[in-house]
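Throughout, protein chains are lettered first and strands after them, A, B, ... in sequence-line order, and every chain is numbered starting at 1.
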Amino acid sequence: MLEISNLTHTYGSGPGAHHALGGIDLKVAEGELVCIVGPSGCGKSTLLRSIAGLLRPTGGKVVLGGTAVDRTPDDLAVVFQDYSRSLFPWMSVADNVSLPLRRKDMDKKQRRSAAMEALEQVGLEGAAAKYPWQLSGGMQQRVSIARALAYRPSLLLMDEPFGSVDAQTREDLEDLTLRVRSHHNMTILLITHDIDESVYVGDRVVVLSKAPARIVGDLRVDLPAPRDQITTREHPDFVHLRAEVGRLVRGMRSQSAPAS
Amino acid sequence: MLEISNLTHTYGSGPGAHHALGGIDLKVAEGELVCIVGPSGCGKSTLLRSIAGLLRPTGGKVVLGGTAVDRTPDDLAVVFQDYSRSLFPWMSVADNVSLPLRRKDMDKKQRRSAAMEALEQVGLEGAAAKYPWQLSGGMQQRVSIARALAYRPSLLLMDEPFGSVDAQTREDLEDLTLRVRSHHNMTILLITHDIDESVYVGDRVVVLSKAPARIVGDLRVDLPAPRDQITTREHPDFVHLRAEVGRLVRGMRSQSAPAS
Amino acid sequence: MRVLRGLGRLWLVPVVLVAWEAATRAAEDNFFPPPTAIAVRMHEMWLSGPPERLWLTDAAVENIPTSVGRLFAGWLLAGVIGIALGLMLGRSPVLSRFLDPIIEFGRAIPPPALLPFFLALFAAGAQMQIATIVFGIIWPILLNAGDGARHVDRQHLETSRVFGFSRSQRLLRVILPSAMPKIFAGLRLSLSLALILMVISELVGSTNGIGFQLLDAQRSFDLPGVWGTIVVLGVLGYVLNSAFLAAERRLLSWHRAAKQTI
Amino acid sequence: MTGRSLLDNRPLCGAVGVAGLFCLVELAGRTGFIDPIVFPLASTIAGRAAALAADGDFLADVVSTLGAWAAGLLLTVLVAVPAGFALGTMPRVESALRPVLEFLRPIPSVALIPLALLLFSDRFDMKIAVIVYAASWPVLINTMYGLKDVDPLAKETLRSFGFGPLAVLWRVSLPSTAPFIATGVRLAASIALILAISAELLAGGASGIGTFIIEAGSSPDALEFIVAATIWAGVIGIVSNTLFTLVERRLFRWHLARTEGAR
Amino acid sequence: ACGGSDPETTAAAAPGGAGGPEKTQLTIGALPIPDSAALYIANKRGFFAGEGLTVKIEPIQGGAQAQQSLLGGSLDATQTNYVSTFLAVSAGNKMKIISDLYQATPNSFNLMVAKDSPIKTPADLKGKKVAVNSLKNIGTLAVTSVLKTHGLTAEDVQFLEFPFPDMAGQLEKGVVDAAWMTEPHLTAAATKIGAQKLADTMTGPTADFPIAGVIVTEKFVNENPKTVAAFQRAVAKAQQIAASDRKAVEEILPTYTKIDAATAAVITLGTFPTSLDETRLQRVADLMVEQGYLKSPIEAKTILPGANG
Ligand SMILES: Nc1ncnc2c1ncn2[C@@H]1O[C@H](COP(=O)(O)OP(=O)(O)OP(=O)(O)O)[C@@H](O)[C@H]1O
Ligand SMILES: Nc1ncnc2c1ncn2[C@@H]1O[C@H](COP(=O)(O)OP(=O)(O)OP(=O)(O)O)[C@@H](O)[C@H]1O
Ligand SMILES: [Mg+2]
Ligand SMILES: [Mg+2]
């Protein structure tokens, strides 16, 4: 489905240039859920934006479904890290969610009900008529998740999508993502800082090094499906993988650790 | 130091009104670090904004150091939940951090070195000359933490300050906060969704119910100081408290859970 | 290289000139002389002087610098007053409640109608002319600065309150920079308005200036002269605007970069 | 309490402001700081202006000017906003056209109107043409600068959902530029009024505030009439701006909420 | 129908009959000053209607712009002063004077100074500032001829353009040292600020000077000879009345100007010539040549309807 080969990106030029991606090779099969973890500022969002065609990488190639990505591919949805800025303040929450559905063959009523369903799934059925700036941070983040899920893209890119919600909601959203994925056969790339989460939801966990980002680990997660918040997290493989990923992330950061 | 009595807040009026705070009573002693946890959208940020004098609550009182808060009190710093919008895009990172220091009796050089020190503490010594929009989400968040820490306020309010950084950085920042707090005798209120974190860094953990927010739990954390990422988290009291807080947060949310 | 690229951007100018020449020659209308005729007249009016004065004529030396001087004085004054007042009005709802009607009132009054007022207040000549220019061009700056100051991102203001920024810090470090893009739109608008007002202010009771030359040419039915003056105004406008854009590019570099996407 | 409610009363505050200005000008006249011969006393002007309000001919003039003003402003918005979008989104076209546009911008109405007289045999068309010419610039420039201010992430969001450039323009750039455009339109509104009056003044015509001013020029008290008539132009400015503000407040509630302290 | 002969077009344009005017609806521009009184008299008393013309008179601000309206087509005919007309013609515009309207009399155009002005004779004006309503026009021409009789030239003074209503104030403030004014501002300046007459500018070479008339484009004359003739007849009739009956003028003035009846009764009026006389007009052209307003002489008769220029 998705094939990334030798992707590099450098921001700026001259002495102030920043070499963010240092040659990424990655293959993602259709229907896979790949989690990407890595130290803060390593280049995860950059990678995601290149895949979405929002950034022209300075080198390498992204091929999606057989064709090279040079503009934003069709049938793609993104949950941005900076979710609050990606909601439109002039539209109600329901309109924000249903707007992308105009691209689908849906009439107004269908769009509306799809939006309401997605909002319900993220626990925001009561906020449909409100405006984004009337919501708390976590609620805004859920709106942008609802928008992406309602769109039912074949490729879904999520950039730290559950960072601003409480533990319980987070678990619910993780399970929601897993369910939606298997129902609609989406391919998902999910960036997260929560190592437990990456192992819990991912079919694979890809670990990036600090800048310039390179892949330093690509672990297959072979936990029994369907996953379950309690039993899966108690599974010995889970515990083992979590430790493995943790080691990979940490190992790469020894030099850039905050002064202690 | 800080005394909150029967604080209520309602957004809007009429049928669309939202009753966010439903009577909060809270006392925080000088030098204490109080963690606040609660479901997404319950009113944590609202509470924090009332304390900072950024919001005129519709009822009740906030008294800080003996005087009622009706405008923003002196000697206060806030790390906002929406950190990216709280940095000034027209200033370099170093200027963003050193600008508030003009209030202190510091000359230009001192300000500069204080800013550089704070940036170094959060692991961003290399980004001082960059602009905020050249940084990744987690780096921006760290800049806003650095700004607050460099300011050395007597009261520090942090709204989910470590949500966008990787696990290792997060731990480092937690320890940094604890260290700075004890060196400079700050009083800190910290909102978090990470229950482990709340028990690890807090002297007390206050649990809020869903809207209208009320205090449903106020647990003293009596873990041995200095805390340590490994030994503290293994301490039986830690495990016990964590479970306790988790139960309180979950117990209160059964109705508002995302549809499963 | 940069010069070449700069010239390359002007490719449309010769095209327009040729089309204009062709159209006016075909129309043979007295009131629309062809560009070549205008150029000849312009040469005669301003560039037929002695070589040691760079061929500038008396008229050129006397009129153009005086006018441009008044223009700059008026524009700078309007800029300073407009930005200061605009920021004040934008940040103080009470003040704007009192002054808004007066401003809306002043805005809608044709500046020529106020000439007697300025004639009464100021000595005829430069003072009165600068006052007219300021009055005529201040509104875009004032309105844009006011709107910019009113609509600073709430989070920015809250940040500055929380960190106890002083008034001047808040104004200079937060409000002014975030209103800058709007202020620049206003300044750019009023720069060419200033040229227009410069002309208008020189129509009554004046003895020199580009506006006076325009009036003189109109009164003498010297059509190529009228067009020549218009061309001078247009060229001045283009030059001033280019300089302005260059300055803007430096001052608003953060803005451009921060808002860039592919 | 009464002090607060007084400050909250917008029209009252505005009236106090205007009254203050009135007193100031009157005082300047009475003390001789402004010679009443050169510029009439504020009270004299107010008297004349009040008398004009009851003058049927003058009201007809006002209506006629307002007609041209409204039509001109509407056309201005219809022309300048799309033009601003075109130039703001196509930098190559913009840089090619810039020399020509910047050349045209500083042409004063006194030079423009005589030319327009030669080109239009219908007075109304001529007025509309000069209004559109002069009033388009603020809308155009504000639109272009507003486009630069659009949050790139908002645009990227829509792009990521596969919307094309036009859809992004329509659904993101237009709404977020709208407050900027509105400021431009408010500027254009007063410029349009000024041009309508100037065109009537220079070209003459059957009716209009400018025509009234021409006729007033024959009076021994010409100055008083002229200033009184321009007072009404100012009043039109206040009224139209109040309407614009009301509309803006409704349309741009989201903009206010995000920018003004929410309380 | 494009190649239609004259009788045909005439019939098409004037359904009233073969002898009727070609164009019956006319819009003419007129300044709201005493000069144009006859046009309004002709309209009010039905002289135009009697000739089969429907005339709409629109106020204009100045002759120059009105000439542009004429060429652009929004006006069919317009009042204008003769100096502007000759200037326009010398600039290559093809125009014809079809009626004479106004001629100066003593004290209708005076040079005024402030009450206690040290300037006692025009000779004292050397190096001073003189306000006129329009540069390069009757005002400057007339003032220059006064200066000449006192041994000065146009270069000895500085002419400044001010609207008539502003002149009194500028005299009072001392911005200008003298102002060339006409009625009703002359009377007003005398009563309001006590302005004093320095000189009558319509004496000597400018005595009985032709001031204003009605012009149309040459094309208009060629295409509508009968309309022009009808117009001329109606205006001549009205001029007759204006010339002989001051009361008629006083009555009509308040209807199209802001001059009230009381003022109309006291102001000095010019005269209303009843015929279009080529030799009188030639004086204007000659004086303009003499003072350098015209580079080459113009024959006045070439801009009268009869001649084809
Ligand atoms: N400006 C506003 N207008 C109306 N309602 C608001 C406004 N701001 C917040 N709210 C509502 O108040 C409630 C509490 O919001 P608040 O931001 O305090 O939540 P929170 O506890 O910080 O949540 P989170 O953890 O998601 O950040 C939410 O339900 C929100 O919809
Ligand atoms: N517009 C830009 N100009 C210059 N440098 C940039 C720009 N955007 C990002 N960078 C740099 O690129 C690097 C990678 O950024 P990116 O946003 O991809 O990090 P990330 O992995 O998403 O981090 P986080 O987990 O903190 O969000 C960072 O060091 C950042 O400073
Ligand atoms: Mg990121
Ligand atoms: Mg919050």
Exercise. So what's closer than 4.5 Å to chain C heavy atoms on B/Asp74: side chain, backbone, both or neither?
Worked result: neither
Seminar exercise, completed: Cut-off 4.5 Å, heavy atoms of chain B, and the answer for C/Ser253 is neither
Exercise. Taking B/Gln141 for the side chain and B/Ser164 for the main chain, is one N or O donor matched with an acceptor at less than 3.5 Å?
Worked result: yes
Problem set entry | Whether over 12 other heavy atoms sit under 6.0 Å from B/Asp105 CG | no
Exercise. When rounded to the nearest 0.5 angstrom, what is the spacing between CG in B/Leu157 and OG in B/Ser45?
Worked result: 11.0 Å
Problem set entry | Proximal to chain C - members of residues 88-97 of chain B, heavy-atom separation under 4.5 Å | B/Phe88, B/Pro89, B/Trp90, B/Met91
Exercise. Side chain, backbone, both or neither: which part of B/Leu87 has a heavy atom under 4.5 Å from chain C?
Worked result: backbone
For this session: Start with the C-alpha gap between C/Thr159 and B/Arg85, add the side-chain angles, then the distance that decides, and say whether side chain to side chain donor-acceptor pair (under 3.5 Å) holds.
Result: CA-CA 9 Å; C/Thr159 303; B/Arg85 273 176 58 204; over 6 Å; no
Exercise. More than 12 non-hydrogen atoms from neighbouring residues, nucleotides or ligands closer than 6.0 Å to CZ on C/Phe244, yes or no?
Worked result: yes
For this session: Could you tell me whether B/Arg152 atom CZ has more than 12 heavy atoms of other residues or ligands within 6.0 Å of it?
Result: yes
Problem set entry | Any donor-acceptor N/O pair, B/Lys44 side chain to B/Pro39 backbone, under 3.5 Å | yes
For this session: For the pair C/Glu104 and C/Arg107, evaluate salt bridge (charged side-chain N to carboxylate O under 4.0 Å, His left out) and give the outcome as yes or no after the intermediate values.
Result: CA-CA 5 Å; C/Glu104 300 313 326; C/Arg107 232 151 52 75; 2.6 Å; yes
Exercise. Is it the side chain or the backbone of B/Arg71 that comes within 4.5 Å of chain C heavy atoms, both, or neither?
Worked result: neither
